[in-house]
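The structure appears right after this line, and notes come after that.
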Protein chains: 2
Amino acid sequence: MLKITRKVEYALIALSQMQLNGDESLTSVKEISQQNDIPYELLAKTMQLLAKAEIVEAVKGPQGGYRLKKDPTDIKMTTFFEIIEGPMGFMDCSFDSNCHQIRSCSIRTPIQRINDSIRNMFNNISLNDITRTT
Amino acid sequence: MLKITRKVEYALIALSQMQLNGDESLTSVKEISQQNDIPYELLAKTMQLLAKAEIVEAVKGPQGGYRLKKDPTDIKMTTFFEIIEGPMGFMDCSFDSNCHQIRSCSIRTPIQRINDSIRNMFNNISLNDITRTT
DNA sequence: AAATAAAGGACTAATTAGGTCGTATATATG
DNA sequence: CATATATACGACCTAATTAGTCCTTTATTT
Ligand code: SF4
Ligand code: SF4
């Protein structure tokens, strides 16, 4: 019910390593996948998500790779999760999909309260809090 | 990554309804499943988990059903989740299953910090906070 | 005895997560 | 300019987890 997914884990590892390599230097998917024993293709896709969200910047061609584009300190974990897992992503009931008894449901409101608390918590944790190496 | 499961949802609805029916009276799975349009068998199993954990008490035979055994105020949500979803259940990386690079992993500790925060949060929410009807 | 309700095991279906493959595009460098 | 190398991206497959069903047993009331 509450486990980080591989894609999130891989992205965190990648960013952590990129911070280690320094803000200016480029880090390739190959490098990260080999050093951390992460499936290349999957990591590649994940990095593409981060690139599209402009968390990182891609440089193609030989000696290419990724470098940080935004300061990890400025990225909330909520944002980060949603970049990788798509919108929603957070604790909620299935009211969106097919629930036909929303109005009569007694537990929805308290569940949403929990949801809000979790969101709030992840809003106050920055990407840097996880990936910083110092 | 963070959505309550059906079993948890069903259990919460059931307990909520039982509280509504009063502490002494018996509520049957049939009754709950019909009134809330929940698959009978699945709810039955879930109730059996709660019975085994002595959250509720089962009474067999005609006019039987379940009644609360413990005060929902005294049950932490962490406990509740783990009764239904089994141990672990909470946010963590996959270090337990097959990770062979635990010692070199840089993100594990911060992930565990998050894990602890979430656990802590759910330790401070009681079942009653969700299921109370007042 | 018959009906009713929980207990529980075995199984199937649906959904999601995890991973692979093939191809296109950009670019540094000899 | 050819080649090697890197990201981009869509289609696809597989594994794992969740959700749901079926069937038999056991206890208990009437
Ligand atoms: S019944 Fe309530 S908890 Fe379940 S999906 Fe609908 S609104 Fe959400
Ligand atoms: S310890 Fe690190 S590498 Fe291993 S599963 Fe956890 S996050 Fe992944």
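Reminder, nothing fancy here: chain letters follow the sequence lines and each chain counts from 1.
When heavy atoms are screened at a 4.0 angstrom cut-off, A/Y40 is found touching base atoms of the nucleic acid. Across all strands shown, B/G64 has heavy atoms under 4.0 Å from sugar-phosphate atoms exclusively, and none from any base.
If you take CZ of A/R67 and C1' of D/dT7, they are 14 Å apart, rounded to a whole angstrom. Atom C1' of nucleotide D/dA8 and atom CD of A/E54 are separated by 15 Å, given to the nearest angstrom. C/dA6 atom P lies 13 Å from atom CG of B/L50, rounded to whole Å. One atom, NZ of A/K7, and another, P of C/dT20, lie 14 Å apart when rounded to the nearest Å. B/N36 has its CG atom 14 Å from the P atom of D/dG20, to the nearest Å. To the nearest angstrom, P of D/dA8 lies 15 Å from CG of A/L42. The nearest whole Å value for the distance from the CG atom in A/L43 to the P atom in C/dA17 is 18 Å. One atom, CD of B/E9, and another, C1' of D/dG20, lie 14 Å apart when rounded to the nearest Å.
Defined by atom type and a distance below 3.5 Å, a donor-acceptor pair is present between the side-chain atoms of B/E85 and B/T5. Side-chain contact, B/T133 with B/Q19: no donor N or O sits under 3.5 Å from an acceptor N or O.
Atom CD1 of B/I13 and atom CG of B/L43 lie 9.0 Å apart (nearest 0.5 Å).
Along DNA chain C, the nucleotide nearest A/Y10 and the nucleotide nearest A/Q63 are compared for position; the residue whose nucleotide lies closer to the 5' end is A/Y10. Along DNA chain D, the nucleotide nearest A/A44 and the nucleotide nearest B/V59 are compared for position; the residue whose nucleotide lies closer to the 5' end is A/A44.
Among the nucleotides C/dA5, D/dT21, D/dT7, the one closest to any side-chain atom of B/P39 is D/dT21. Nearest to the side chain of A/R6, among D/dA6, C/dG19, D/dC9, sits C/dG19. With C/dG18, C/dA6, D/dT28 as the candidates, the nucleotide lying closest to the side chain of B/P62 is D/dT28. Closest to the side chain of A/T5, from the set C/dA26, D/dA19, C/dG18, is C/dG18.
With hydrophobic clusters built from ILVMFWY side chains whose heavy atoms lie under 4.5 angstrom apart, B/L15 shares a cluster with B/I125.
Side chain of B/S16 to backbone of B/L12: no donor-acceptor contact under 3.5 angstrom is found. Under the 3.5 Å distance criterion, the side-chain polar atoms of B/T46 are matched with a main-chain donor or acceptor of B/L42.
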Short heteroatom pairs, N/O only, protein and nucleotides 9-16 of chain C, under 3.5 Å:
{"unit_1": "C/dA10", "atom_1": "N6", "unit_2": "B/K45", "atom_2": "NZ", "d": "2.3"}

Check: Where do B/E82 and B/R119 land on the salt bridge (Lys or Arg N to Asp or Glu O under 4.0 Å) test, with the steps shown first?
Finding: CA-CA 11 Å; B/E82 286 178 348; B/R119 272 204 106 78; 2.6 Å; yes

